[in-house]
Amino acid sequence: MVRYVTSNPGKAREAAAYLGTDVETIDYEYLEPQADDLEPVARYGARAAFDGLSGDEPVIVDDAGLFIEAFDGFPGPYSSYVEDTLGIELVAEIARGATDQRASFRAVIGYCDGSVTETFAGRVRGQIVAPRGDGGFGYDPIFEHGDRTFAEMSVEEKNAHSHRARALERFAAWYDAHRESD
Ligand code: ITT
């Protein structure tokens, strides 16, 4: 059993739907350093969550963000702060004023079992649009992939395309091989 550690119920819902009974989701806030890249944040977070929680079961954390092409990837690792301060409507309005609306979501899964720490990245491309849909969470209403925003998709539909599902897929393949070699 792997523990998926997050304070975000939207992420927990998607991970549980993707990984099924192999995962237990735990609501726990671990120390997250600020960095220009997601990978070191996920790596550090996995270790911090493993050390902060009692128990020997491996943990995974998930650091994600929205990277807008016209803004050279901003807000990227600062997505949480920007969502809380500007809000997604204003992000969409500013991005739609630029000539290029392309963006991508990225997620990095950090894994730690006390002795091994690994990271797994996933990415999905799309474009910034005016908010549509009431599903999902965070920036989902302003991120269009194909002809729908992520907020217009069910959890299963979003998992068929998302950055998180791609990172979880890479993690799950590695973890199966890692367990077999133990
Ligand atoms: P934890 O760190 O506790 O897991 P968090 O919400 O702080 O939860 P992140 O730092 O990874 O998680 O999220 C950064 C921001 O990106 C935050 O504003 C999220 O709402 C947003 N976000 C992350 N994944 C997303 C997704 O799949 N769809 C829409 N927004 C997402």
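First listed ligand is number 1; within each ligand, the first listed atom is number 1. None of the values given here were measured: they were computed from a predicted structure.
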May I ask whether Phe105 has any heavy atom positioned less than 4.0 angstrom from an atom of ligand 1? yes

Could you tell me which atoms of ligand 1, counted from 1 in the order shown, lie closer than 4.0 angstrom to a heavy atom of Asp63? 10 (O), 11 (O)

Under 4.0 Å to a heavy atom of Glu83 - the qualifying atoms of ligand 1, by number: 17 (C), 18 (O), 19 (C), 20 (O)

Do any nitrogen or oxygen atoms of Tyr28 come within less than 3.5 Å of a nitrogen or oxygen of ligand 1? no

Phe137, Tyr81, Tyr139: member with heavy atom nearest to atom 25 (C) of ligand 1: Phe137

Return the residue, atom name and 0.1 Å-rounded distance of the protein heavy atom closest to atom 6 (O) of ligand 1. Asn8 ND2, 2.9 Å

Atom 24 (N) of ligand 1 has as its nearest protein heavy atom Arg164 NH2, 2.9 Å

Compare all side-chain heavy atoms of Val23 with those of Leu168 and state whether any distance is below 4.5 angstrom. no

Distance under 4.0 Å to a non-hydrogen atom of Lys11: what atoms of ligand 1 satisfy this? 1 (P), 2 (O), 4 (O), 5 (P), 8 (O), 9 (P), 11 (O), 12 (O)

Under 4.0 Å, heavy-atom basis, I'd like to know which part of Asp62 is in contact with ligand 1: side chain, backbone, both or neither. backbone

Would you say that Leu66 contacts Phe105 through its side chain, given a criterion of any heavy-atom pair below 4.5 Å between the two side chains? yes

Nearest non-hydrogen contact with atom 14 (C) of ligand 1 belongs to which option: Ser162, Gly65, Ala64? Ala64

Atoms of ligand 1 close to Asp140 [distance to a heavy atom under 4.0 angstrom, numbered from 1]: 26 (C), 28 (N), 29 (C)

Using a 4.5 Å cut-off on heavy atoms from C-beta on, say whether the side chain of Thr117 contacts that of Phe50. no

So which protein heavy atom does atom 7 (O) of ligand 1 come closest to, and at what separation? Ser80 OG, 4.0 Å

To which protein heavy atom is atom 2 (O) of ligand 1 closest, and what is the distance rounded to 0.1 Å? Glu32 OE2, 2.8 Å

Do Glu57 and Arg3 sit within salt-bridge range, that is, some charged N less than 4.0 Å from a carboxylate O? no

Less than 4.5 Å apart, any side-chain heavy atom of His178 and any of Asp113? yes

Per atom 1 (P) of ligand 1, closest listed option by heavy atom (Asn159, Thr6, Val5): Thr6

Which residue and atom name correspond to the protein heavy atom nearest atom 3 (O) of ligand 1, and how close is it? Ser7 OG, 2.6 Å

Heavy-atom side-chain proximity of Phe150 to Ser162 below 4.5 angstrom: yes

Element-labelled atoms of ligand 1 that are located less than 4.0 Å from some non-hydrogen atom of Ser79: 15 (C), 16 (O), 18 (O)

Heavy-atom count check: over 12 atoms from other residues, nucleotides or ligands less than 6.0 Å from Arg125 CZ? no

Atom indices of ligand 1 within 4.0 angstrom of Lys158 heavy atoms, with elements: 26 (C), 27 (O), 28 (N)

More than 12 heavy atoms of other residues, nucleotides or ligands under 6.0 Å from OH of Tyr44: yes or no? no

Using a 4.0 Å heavy-atom cut-off, say whether His163 meets ligand 1 through its side chain, its backbone, both or neither. side chain

Considering only heavy atoms from C-beta outward, does the side chain of Ile88 approach that of Pro141 to under 4.5 Å? yes

Would you say Phe171 and Val2 make side-chain contact, with heavy atoms under 4.5 Å? yes

Could you report the tightest heavy-atom contact between Phe120 and Ala167, atom names first, then the distance? O-CB, 3.5 Å

